[in-house]
Structures are given as C-alpha cells and as structure tokens.
Novice: 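I have a structure I would like to understand better, so I am pasting it below and will then ask my questions one at a time.
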Number of protein chains: 2
Amino acid sequence: MEEVNKKILLVEDDPNFGTVLKDYLMMNDYDVVHAKNGMEGFEKFKKDDYDLCILDVMMPYKDGFTLAKEIREKNSDVPIVFLTAKAMKEDVLKGYKVGADDYLNKPFDSEVLLMKIKAIMQRKATETISDSKQFEFKIGRFDLNSKLRFLRFDGGEPIKLSPKENELLRLLALHENDLMPRELALTKIWRDDNYFTSRSMDVYIAKLRKYLKPDEKVEILNIHGEGFRLVIND
Amino acid sequence: MEEVNKKILLVEDDPNFGTVLKDYLMMNDYDVVHAKNGMEGFEKFKKDDYDLCILDVMMPYKDGFTLAKEIREKNSDVPIVFLTAKAMKEDVLKGYKVGADDYLNKPFDSEVLLMKIKAIMQRKATETISDSKQFEFKIGRFDLNSKLRFLRFDGGEPIKLSPKENELLRLLALHENDLMPRELALTKIWRDDNYFTSRSMDVYIAKLRKYLKPDEKVEILNIHGEGFRLVIND
DNA sequence: CATTTTTGTTAACATTAGGTTAAATGGTAA
DNA sequence: TTACCATTTAACCTAATGTTAACAAAAATG
C-alpha cells in the first residue's frame, strides 16, 4: 500500500507550541509545513497543495481570519481549522463565516485533535474525488482555464474572468448538461444564501451569457426555482 | 418564496431545555421534530427524512451514541451533532468514532449553534448533488426527467414542466398502472389536504392529460373518490 | 330520477423568480 | 489621494408558476 501522507499547513506563531504540535502531527503520519506567521503562511500555501490548514487566530501582522479569507479566495475547498486561546463568541462566528471547518481551543487534547482531523479529512475525501483537480474545461468552442481564470473562444484572445465569474462558470461546467442547483453555487461561492446573494448570482449569470454568446450552441438555461443548466447543443 | 425548510430531528430528554431549543430553531426557519428520548427519536427518524440530527448524549433508556449508531446504520449521510453537558474526552472521541459532525457543550450560545448548523448544512449540500435518486421515467412514448423537469415525446423537443406538474407526474409514474391516492399527492406535493388544494390538483391533472395526449396509449384515469391512475395500454 | 358530490376545464388573477441595466460600495494599486 | 476593478444593491420589467372562481360534466346516492 503505497500511500502518500496527507499534507498539513500549520500556521502558528508561538514557536514552542508550534513545534510540539508539528512533531506530534508528524509522528502520526502527516506531512507538516510550519509557518511562523500569516504572511509566511500564505506564501507557503500558494507554493503547494494542502489537505488541511490549521491556523492560529491570534498572530502578529496577519491574523488567522485574514489568512483564511485569502486562502478561500485562492481555493474554496481546503478544510480550515482554527486554533484559539480563548473561544470568544465573535471569533467563533467570524470563523464560521470565513468557512471554518472546525474550532479548537488551546490547550486542547492532542487525541481529540487527531480525531477531528480524521473526521474532516473523511468528509472532504468524498467531495475531493469529484471536483478537486478539475481546472480545464471545453465548453462548446470555448476553453475555460479556471486556474488562470480565462475563457478563450476558438483559440483566440482569452477573456479574463473575475473570480466569481470564473467559479460560477466552473461550477456550471462541472455539471454540464445537468442541473447546477442555485443553492450549490450560493453556498460554495457566496457562502451564504439570501435574497441579495441570489440576485448577485443572477447578475453573474447574465455576464456569463454575454461571454458565451459567440457560440450559439452554448447556452445557460434556467430551471425555475431550481438553478441553471449549461447546455451544449449539437 | 416557496422554499422548503430544513428538517431537524432534536432528541433531548430535558423538557425545558428541549422546548426552548426547539422554539429557537423554529424561529430560525427550521422544521423541528422533538423526541423526548432515544427510542422515540429512532422511531421518528425512521418515519421521515431529516437534514440534521441533534442528539443529547445523556438520555435514559437509550443514549445519544447508541441512537447515532442506529441512525448511521439506516442512513450514513445525515449530519449528526451531539449535545453534552460536560465535554469529557472519552465522549468526544466516541462521538467522532460514531461519525459526529460536530459537538456542542451545554450551555452553549444559540448563535453559535445556528452558525454551526449552517456550516454543516453547507458542507452536506455539496455532497448531496450526486445522490442518484430515481429521476428518469419512461411513460409510453414519453421520457420524463424529473430532475431537469422535462417531458419528451419520441425523443423530440422536450416540454418544460413546472415543479408541481413535474412532481405530480412523477408520483403518478411511481405508481404506474396502480392507484395514486389523492391524499398522497396532496400531502406530499401540496403539504395540505383541503378543498382548494384538491381543486388545484385537478387543474394539474388536466394539464398533464393535455401534455400526454400525443400518445393515445397513455392516459390518466380517475378513480372516483380515491385518486388517479396512470395507465399505459398496449 | 332528482340531488349531491366529485371531477374536468378554462380563464382571471396574484405571486414569485429571473433578466437586465445601471448606480452604489468597497477594496487595491498606482 | 485618485482611478480602477470586482462585487453588491437597486430598480424596473418580463416570464413562470400557482391559486381561485366559475361553470360544465360525470359519478354516486337514495
């Protein structure tokens, strides 16, 4: 069983605590990269793919929440776990809003941490198979590169897509010819499902339709009350 | 805003705490079914589909863990959140082993609970996409795709169905050649059984008959006072 | 067979979702 | 700071959906 270890990005400014935690995780067969502050954390994050991020909330220069937001912008899927000394209510709320997967109060039981990590990885495992590494799509006569965020028609000059345009089109492409539920896009991209985010999404659908106009075989259909459907007619 | 609320099964033996929590959740647009002990909880679970289970750990007769195990046997997907008075380490570990999605210590902040619920639901929303239910039916020379809500005759241009048309035809198809009781459609689709919903349903039956006219072998028969029957003659 | 109940059908009406454009907001870099 | 860009919010309009009323027809009832 040749199995690659899961990779964890640990961002923790306390050198003692950070080192202990890192060693403990490594003893349990995780590959751990330890960054000493938010800035360094983001640099390391950009350089590699991680299966999990463990972020200290209180850090100089760049706190855990800000870092989490940046990470989410680049990759909306990585599980994120926050570490806090004191579990203040506002913190917890803020964390969940940024898309936290779990919360840990320092000092915590290391065995509990391992269980949580395991549980989170399991959760993500199922999703990851389907949509993790998919960045390039052919959409009729278009090419979408959702990593570089551009859309090219007939191999011509690429149009640059904004992050939201890109994510939305990517979700549609993942569900090509099938229903892409409204709710899915709202929770995945907007992380909230209310009247305004919903209207915002409609605005983006309009933008995408405009981009896709050159190929009249490609269209985004609405399924009233359910969501949208990217169809390629042939 | 015709949106179906998420359904929560709350199993909590403390009547005061349970009632307060239930009311709070209902105020926040969740449908809550409250069971007073593990046994009752499992009965209620079997009778309906839930989007989330909130289980008290300490309960007479059947504790939360045992209940969770039973629930997992029937349905491995429902998110489960445990409530504990004291967060003993063994409990937490046991919980994660049974497949807990989260943990809450009593007393907890209600706002935090809401955020956690939201986060968990969001997580599940993505996985849920792929659950391949029964969406496609052949009805004589028609194809019904009840996910995309369309009906196609002889592989031609699909007719779009409204949600109610779609649900009704789907129910009829599920009972092909058999009685589909009025009451069933009314409770399942209209969620209410009175004079007006009943008349509304008749209106929809008329619409479906019109759609199905092209295939004269397909008809919707009425069984007076009982319901309808979708028959395919051959 | 007269009467009541249930069903069939059509159309008017009300409500909600979605399409589109433009202006307001907010963040970021020059 | 200004200028720019992505995104949200607002506004207005159209399409889609669902409910109700009204009346006709069919089925059950005694």
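Naming: A, B, ... by sequence-line order, numbering from 1 per chain.
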Novice: Check if the side chain of A:R182 and the base of C:dG18 share a donor-acceptor pair of N or O atoms closer than 3.5 Å.
Specialist: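 Looking at the base of C:dG18, it does not pair with any donor or acceptor on the side chain of A:R182 (distance under 3.5 Å).
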
Novice: Side-chain N or O of A:S162 less than 4.0 angstrom from OP1 or OP2 on D:dT7?
Specialist: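 Result: yes.
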
Novice: Report yes if a side-chain nitrogen or oxygen of A:W190 is closer than 4.0 Å to either non-bridging phosphate oxygen (OP1 or OP2) of D:dT8; otherwise report no.
Specialist: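 Yes, because at least one side-chain N or O of A:W190 sits under 4.0 Å from OP1 or OP2 of D:dT8.
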
Novice: Specify the residue among B:N194 and B:K160 whose closest nucleotide of DNA chain D lies further upstream toward the 5′ end.
Specialist: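 Result of the comparison: B:K160.
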
Novice: Rounded to whole angstrom units, what separation is found between the CZ atom of B:R149 and the P atom of C:dG18?
Specialist: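 Nearest whole value for this atom pair: 9 Å.
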
Novice: Nearest whole angstrom, please: distance from the P of C:dG18 to the CG of A:L208.
Specialist: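 Rounding to the nearest Å, CG of A:L208 and P of C:dG18 are 16 Å apart.
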
Novice: Atom NZ of B:K207 and atom C1' of C:dT7: how far apart are they, to the nearest Å?
Specialist: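 Rounded to whole Å, this separation is 16 Å.
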
Novice: Quick one: does any side-chain atom of A:S146 pair with a main-chain N or O of A:R149 as donor and acceptor, under 3.5 Å?
Specialist: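 No.
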
Novice: Specify the separation, in whole Å, of atom CG of A:L186 and atom C1' of C:dA17.
Specialist: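 The answer, rounded to whole Å, is 13 Å.
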
Novice: Could you grab the distance from atom CG of A:L186 to atom CD1 of A:I189, nearest 0.5 Å is fine?
Specialist: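 Those atoms lie 8.0 Å apart.
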
Novice: Can you measure from CD (A:E219) to CG (A:L212) and round to the nearest 0.5 angstrom?
Specialist: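 Result: 10.5 Å between the selected atoms.
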
Novice: I want to verify a distance call: between D:dT9, D:dA28, C:dG18, whose nearest atom is closest to the A:N222 side chain?
Specialist: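 Given the options D:dT9, D:dA28, C:dG18, the side chain of A:N222 is closest to C:dG18.
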
Novice: Of the candidate nucleotides C:dT9, C:dG19, D:dA21, which contains the atom at the shortest distance from the side chain of B:R199?
Specialist: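 From the listed options, C:dT9 comes nearest.
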
Novice: Taking CZ from B:R191 and P from D:dT19, how many angstroms apart are they, rounded to a whole number?
Specialist: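 One finds 13 Å between P of D:dT19 and CZ of B:R191, rounded.
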
Novice: I need the CZ-P distance between A:R209 and C:dT21, as an integer number of Å.
Specialist: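 Nearest whole value for this atom pair: 12 Å.
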
Novice: Looking at D:dT8, D:dA28, C:dG8, which one has an atom nearest to any side-chain atom of B:I205?
Specialist: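 Nearest to the side-chain atoms of B:I205, counting from C-beta on, is C:dG8.
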
Novice: Between atom CD1 of A:I205 and atom CG of A:D202, what is the distance when rounded to the nearest 0.5 Å?
Specialist: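 One finds 7.0 Å between CD1 of A:I205 and CG of A:D202.
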
Novice: Does B:Y195 reach a base, just sugar-phosphate, or nothing at all? Heavy atoms under 4.0 Å.
Specialist: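 Contact class for B:Y195: none.
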
Novice: Less than 4.0 angstrom between a side-chain N/O of A:S200 and OP1 or OP2 of D:dT7, yes or no?
Specialist: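 Result: no.
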
Novice: Are any of the side-chain nitrogens in A:K7 or A:D48 under 4.0 Å away from the carboxylate oxygens of its partner?
Specialist: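 Salt bridge between A:K7 and A:D48, a charged N being under 4.0 Å from a carboxylate O: yes.
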
Novice: Rounded to whole angstroms, how far apart are NZ on B:K210 and C1' on C:dA11?
Specialist: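 Spelled out: NZ on B:K210 to C1' on C:dA11 is 11 Å.
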
Novice: Which is true for A:D202 with a 4.0 Å heavy-atom rule: it touches a base, it touches only sugar-phosphate, or it touches nothing?
Specialist: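 The residue A:D202 makes base contact.
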
Novice: Rounded to whole Å, please give me the gap between CD1 in A:I220 and P in C:dG19.
Specialist: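 Distance, rounded to whole Å: 10 Å.
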
Novice: Which nucleotide in the set D:dT20, D:dA10, C:dG19 lies at the smallest distance from any side-chain heavy atom of A:V203?
Specialist: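 Between D:dT20, D:dA10, C:dG19, the one nearest the side chain of A:V203 would be D:dA10.
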
Novice: If you check every side-chain atom of B:P163, which of D:dG18, D:dT8, C:dA17 has the closest atom?
Specialist: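 So the side chain of B:P163 is nearest to D:dG18.
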
